[in-house]
Novice: 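Have a look at this one before I ask anything.
What you are looking at is a predicted structure, and each value in this text was computed from that prediction instead of being measured. In each ligand, atom 1 is the first atom listed, and ligand 1 is the first ligand listed.
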Amino acid sequence: MSAEPAPSPDVPAIEVVGLHKSFGDLEVLKGVDLTVAPGQVVCVIGPSGSGKSTLLRCVNRLEEPTSGSVRIEGIDILDPEIDLDRVRARIGMVFQQFNLFPHLSVLRNLTIAQRRVLGRGRAEAVEVARHNLERVGLTDKVDAYPAHLSGGQQQRVAIARALSMNPDLMLFDEPTSALDPELVGDVLDVMRDLAHSGMTMMVVTHEMGFAREVGDEMIFMDGGVVVESGRPREVLSDPRHARTRAFLSKVL
Ligand code: ADP
Ligand code: MG
């Protein structure tokens, strides 16, 4: 359990203001503003190369923003004085490529960071791991190795691993894009349950059905800016901007 005080409902879970990010001469994020309230599910859509992954990676400072501010639960994560590891421990991240440790069993994949980063003892780490494997429907895979699991099972293990750190919020970067179509549904079911449990989530996805059903808000990015945002149903059925309409006409 985290020793941090519970986040206040008045403080945004994520607050991004004027975020710019360049790689050399390439300006990838050109002033992004967004706010995610505690418990909210925000889905980010947009064409390839529009900066969605870079945005998510700036939110937990896997990338160093060029300018602008990022606050997590009110804490300015660009402040050089803060303990970045502590802030990061509150943020779970799930990638397109599941990034499990191939040489470790499912159980050890779920316990290693709990023990090394959170300092939990073995018994507690195992209990937390088992609880989260149950949440994703994989208690029978506790001793399996990643290579013996389907892509969908590996992604559910990756989600359980992130949850085992008791994050306050979760970032998902196209979590189902690498999966065979028949495996996508199980992963989305787990994410839907998580959303309904009250988890704050920022999800880059092309799964418009999921976004429409589960998302509280949808953000359409193009060319490094937020072109429009709103209720998913409204953005999807009545987009205000021509760029959004052009994108949706290709993917829907
Ligand atoms: P998206 O996730 O929307 O497809 P990305 O954020 O991955 O977009 O990438 C946006 C742009 O930034 C692309 O042109 C990509 O090539 C570039 N880019 C991303 N990461 C790096 C990096 N580490 N170094 C240089 N260019 C990068
Ligand atoms: Mg991406």
Side-chain angles (χ1 to χ4, degrees), residues 14-36 41-70 72 77-78 84 88 91-100 151-152 154-155 158-159 161-162 167 169-181 183-184 187-188 191 200-212 214-215 217-230 232 235-236 239 241-252:
I14 304 171
E15 189 178 38
V16 172
V17 180
L19 183 66
H20 290 254
K21 173 65 185 174
S22 299
F23 294 105
D25 292 339
L26 181 67
E27 193 181 22
V28 173
L29 298 179
K30 302 174 183 171
V32 172
D33 300 298
L34 65 90
T35 303
V36 182
V41 178
V42 173
C43 294
V44 182
I45 64 169
S48 179
S50 57
K52 306 180 298 296
S53 295
T54 304
L55 170 62
L56 272 199
R57 293 167 61 81
C58 285
V59 166
N60 62 0
R61 234 177 103 186
L62 285 176
E63 296 288 358
E64 209 61 41
T66 307
S67 65
S69 83
V70 178
I72 301 295
I77 66 160
L78 306 181
L84 188 58
R88 280 211 187 114
I91 308 174
M93 179 126 185
V94 174
F95 302 89
Q96 181 174 335
Q97 301 300 340
F98 332 116
N99 295 350
L100 296 177
Q154 289 186 54
Q155 192 59 297
I159 294 171
R161 179 174 63 177
L169 53 124
M170 293 273 287
L171 309 177
F172 293 86
D173 193 358
E174 299 198 32
T176 60
S177 294
L179 301 177
D180 291 334
L183 304 177
V184 168
V187 173
L188 294 180
M191 293 170 62
T200 307
M201 297 164 58
M202 197 167 156
V203 185
V204 176
T205 187
H206 298 294
E207 293 291 334
M208 301 300 168
F210 172 86
R212 183 195 306 262
V214 179
E217 190 176 351
M218 174 172 274
I219 288 175
F220 171 67
M221 279 186 75
D222 194 14
V225 296
V226 173
V227 173
E228 73 176 276
S229 62
V235 174
L236 290 170
H241 290 265
R243 284 154 84 183
T244 319
R245 282 197 291 276
F247 173 73
L248 290 174
S249 72
K250 286 184 214 148
V251 299
L252 287 180

Novice: Is atom 16 (O) of ligand 1 near the protein, in the sense that some protein heavy atom lies at less than 4.0 Å from it?
Specialist: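 Flag for atom 16 (O) of ligand 1 set to false, no protein heavy atom closer than 4.0 Å.
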Novice: For the residue pair T35 and E217, what are the closest heavy atoms and their distance?
Specialist: O-OE1, 4.3 Å
Novice: Show your working on side chain to side chain contact (heavy atoms under 4.5 Å, CB included) between T176 and F210 and close with a plain yes or no.
Specialist: CA-CA 11 Å; T176 60; F210 172 86; over 6 Å; no
Novice: Test side chain to side chain contact (heavy atoms under 4.5 Å, CB included) on N99 and R161 and set out the steps.
Specialist: CA-CA 11 Å; N99 295 350; R161 179 174 63 177; 4.2 Å; yes
Novice: Does the K52 side chain pair with the main chain of P47, one donor and one acceptor, at a distance under 3.5 Å?
Specialist: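 Side chain of K52 to backbone of P47: a pair is present.
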Novice: Would you mind checking which non-hydrogen protein atom is closest to atom 3 (O) of ligand 1, with the distance to 0.1 Å?
Specialist: K52 NZ, 2.8 Å
Novice: Assess whether side chain to side chain contact (heavy atoms under 4.5 Å, CB included) is satisfied between I45 and I219, documenting all intermediate values.
Specialist: CA-CA 6 Å; I45 64 169; I219 288 175; over 6 Å; no
Novice: How far is atom 7 (O) of ligand 1 from its nearest protein heavy atom, and which residue and atom name does that atom have?
Specialist: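 Here the nearest protein heavy atom works out to S53 CB, 3.6 Å.
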Novice: Consider every N or O of G49 and every N or O of ligand 1, then say whether any pair is closer than 3.5 Å.
Specialist: yes
Novice: Which heavy atom in I159 sits nearest to a heavy atom in V94, and how many Å separate them?
Specialist: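 In terms of heavy atoms, the two residues are closest at CG1-CG2, 4.0 Å.
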Novice: Which residue and non-hydrogen atom of the protein lie closest to atom 12 (O) of ligand 1, and at what distance in Å?
Specialist: V28 CG2, 3.1 Å
Novice: What do you reckon, does G46 put a non-hydrogen atom under 4.0 Å from ligand 1?
Specialist: no
Novice: May I ask you to check if ligand 1 and G51 share an N or O to N or O distance below 3.5 Å?
Specialist: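 Min N/O separation from ligand 1 is below 3.5 Å for G51.
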Novice: Show me which atoms of ligand 1 lie under 4.0 Å from any heavy atom of P47.
Specialist: 3 (O)
Novice: Looking at Q155 and P175, what are the two nearest heavy atoms and their distance?
Specialist: NE2-O, 2.8 Å
Novice: Identify the protein heavy atom lying closest to atom 14 (O) of ligand 1, giving its residue, its atom name and the separation to 0.1 Å.
Specialist: L26 CD2, 3.8 Å
Novice: How close do A162 and P167 get, heavy atom to heavy atom, and via which atoms?
Specialist: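 For A162 and P167, the tightest heavy-atom pair comes out as O-CD, 3.3 Å.
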Novice: Identify, for atom 5 (P) of ligand 1, the protein heavy atom at the shortest distance, and state residue, atom and that distance.
Specialist: T54 OG1, 3.7 Å
Novice: Given M201 and V214, is the side chain to side chain contact (heavy atoms under 4.5 Å, CB included) satisfied, shown in steps?
Specialist: CA-CA 10 Å; M201 297 164 58; V214 179; 5.7 Å; no
Novice: Can a cation-pi geometry be assigned to K250 and F247, taking NZ or CZ under 6.0 Å from the six-membered ring centre and within 45° of the ring axis?
Specialist: no
Novice: For the Mg ion (ligand 2), which protein N/O/S atoms are closer than 2.8 Å?
Specialist: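 Metal shell, protein only: S53 OG.
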Novice: Can you report which non-hydrogen protein atom sits closest to atom 19 (C) of ligand 1, along with the distance?
Specialist: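 Checked against all protein heavy atoms, atom 19 (C) of ligand 1 sits closest to F23 CE1, 3.5 Å.
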Novice: Nearest 0.5 Å, please: how far is CD in E27 from NE2 in H20?
Specialist: 6.5 Å
